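Following: one structure in structure tokens, then a few remarks.
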Amino acid sequence: MTAWKLLIGAGVTPDSVVPDDSPALLNKVDEEWLEIATRARVIVADRPFWIHFAGPGARRQGWRKVMITGPVQLAEHLGTYAGEPEFVAMDLGERVVCGVTSEEDETWIVSARLDEPPLTVAEDVDLSELDCKVFVHGAPGRAELSAWIAGAVDAEGLEFFVDDNEEAGAGSGFLFFDHVCEFYFAPRVSLDDRIRTVSAILADLWRRSLSAVAACDYEERLLGNEERLLGKERSKQTESSDPM
């Protein structure tokens, strides 16, 4: 798992080290982790993030989307053994991680960037105003899809999030594709620019032989999107063995 390798691989240098004999050890670990994760923008106010932990049930649970709504008490609960925290958090765009590992006589807090291109957060984007959703089938994972989208456009005033589709496989049609991408634009971005941006992203995904369909107020103005909304590409998808 790439995120864990960044924390435990050879040559890793911790951002902070908390000795095991520190007073209120687990509280200190939580404080240090929260400070470093916030500085690295893994944690952003009022936004969820991904978390994964070691220990019983970790493989079954996988990555979980969570949000901080109160005092942070992760070190006490996430780990293989009591008093030995082991967990890693990742921003929703999957660009940076910040984790905790228990070493001999001390606990490390480590942050690191992933390989995919970073996406600059637009400070004036209102995350309560969802602009467009793009449903995608055929991508190998969220990280790869996020990187492709970030590389397809260089647009100011844009924030996007890629997530697993909770309804994937539950029915037929694009609403049940593997992934769903949410796009948010700053109010200063014109409708024409939004159309150009989403159209460029769709074109890049189609170029990669992925099935992708956008759903938004201007969906019919996105070149090539309308026929996919109406299912006109079904025969082509059947021939290529990609579900529509």
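Keep in mind the model is a prediction, meaning the values are calculated, not measured.
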Go through the structure and list residues passing side chain to side chain contact (heavy atoms under 4.5 Å, CB included) with [X], not counting sequence neighbours.
X: Glu103; value: Thr101, Glu106, Trp108
X: Asp193; value: Val189, Ser190, Arg196
X: Glu182; value: Leu130, Lys133, Tyr184
X: Glu167; value: Asn165, Ala170, Phe176

Under the rule for ring-ring contact (aromatic ring centres under 6.0 Å, His included), what residues qualify as partners of Phe87, not counting sequence neighbours?
Trp33
State, with a plain yes or no, whether a side-chain heavy atom of [X] is found less than 4.5 Å away from one of [Y].
X: Val213; Y: Asn225; value: yes
X: Val134; Y: Ile201; value: no
X: Phe53; Y: Val100; value: no
X: Glu35; Y: Ile109; value: no
X: Leu78; Y: Pro85; value: no

Could you pull out all residues at least two apart from Ser16 that satisfy side-chain hydrogen bond (donor to acceptor under 3.5 Å, both in side chains)?
Glu32
Any chain of hydrophobic side-chain contacts (each under 4.5 Å) joining Tyr218 to Leu223?
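Per the 4.5 Å side-chain linkage, Tyr218 and Leu223 are not co-clustered.
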Starting at [atom1] of [X], measure out to [atom2] of [Y] and round the result to the nearest 0.5 Å.
X: Asn27; Y: Gln73; atom1: CG; atom2: CD; result: 7.0 Å
X: Leu175; Y: Phe135; atom1: CG; atom2: CZ; result: 5.0 Å
X: Thr38; Y: Ile68; atom1: OG1; atom2: CD1; result: 6.5 Å
X: Ile36; Y: Ile43; atom1: CD1; atom2: CD1; result: 12.0 Å

Would you find more than 12 non-hydrogen atoms of other residues, nucleotides or ligands less than 6.0 Å from Asp192 atom CG?
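Enclosed: over 12 neighbouring heavy atoms sit under 6.0 Å from CG of Asp192.
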Output, in order, the C-alpha distance, side-chain angles, deciding distance and verdict of side-chain contact (heavy atoms from CB on, under 4.5 Å) for Phe49 and Met67.
CA-CA 6 Å; Phe49 59 95; Met67 181 180 291; 5.6 Å; no
For a quick test of reading the model, state the closest non-hydrogen atom pair linking [X] to [Y] and the distance between them.
X: Asp178; Y: His137; value: OD2-ND1, 3.2 Å
X: Ala214; Y: Glu219; value: O-CB, 3.8 Å
X: Arg208; Y: Asp204; value: NE-OD2, 3.0 Å
X: Val110; Y: Pro14; value: CG2-CA, 3.8 Å

Please test Leu222 against Cys216 for side-chain contact (heavy atoms from CB on, under 4.5 Å), starting from the C-alpha separation and ending with a verdict.
CA-CA 10 Å; Leu222 302 169; Cys216 52; 4.1 Å; yes
Please determine if Glu159 and Arg47 form a salt bridge, counting it only when a charged side-chain N lies under 4.0 Å from a carboxylate O.
yes
When you check the gap from the basic side-chain N to the acidic O, do Asp91 and Arg113 get nearer than 4.0 Å?
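Looking at Asp91 and Arg113, the cut-off is not met.
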Applying side-chain contact (heavy atoms from CB on, under 4.5 Å) to Asp20 and Thr107, what does each step give before you reach the verdict?
CA-CA 7 Å; Asp20 286 352; Thr107 300; 3.7 Å; yes
Quick one: does any side-chain atom of [X] pair with a main-chain N or O of [Y] as donor and acceptor, under 3.5 Å?
X: Asp131; Y: Phe183; value: no
X: Trp206; Y: Ala212; value: yes
X: Ser22; Y: Pro19; value: yes

I'd like to know whether His179 forms a side-chain contact (heavy atoms from CB on, under 4.5 Å) with Asp164, so could you lay out the CA-CA distance, the side-chain angles of the two residues, the decisive distance to 0.1 Å, and finally the verdict.
CA-CA 5 Å; His179 296 95; Asp164 293 327; 3.4 Å; yes
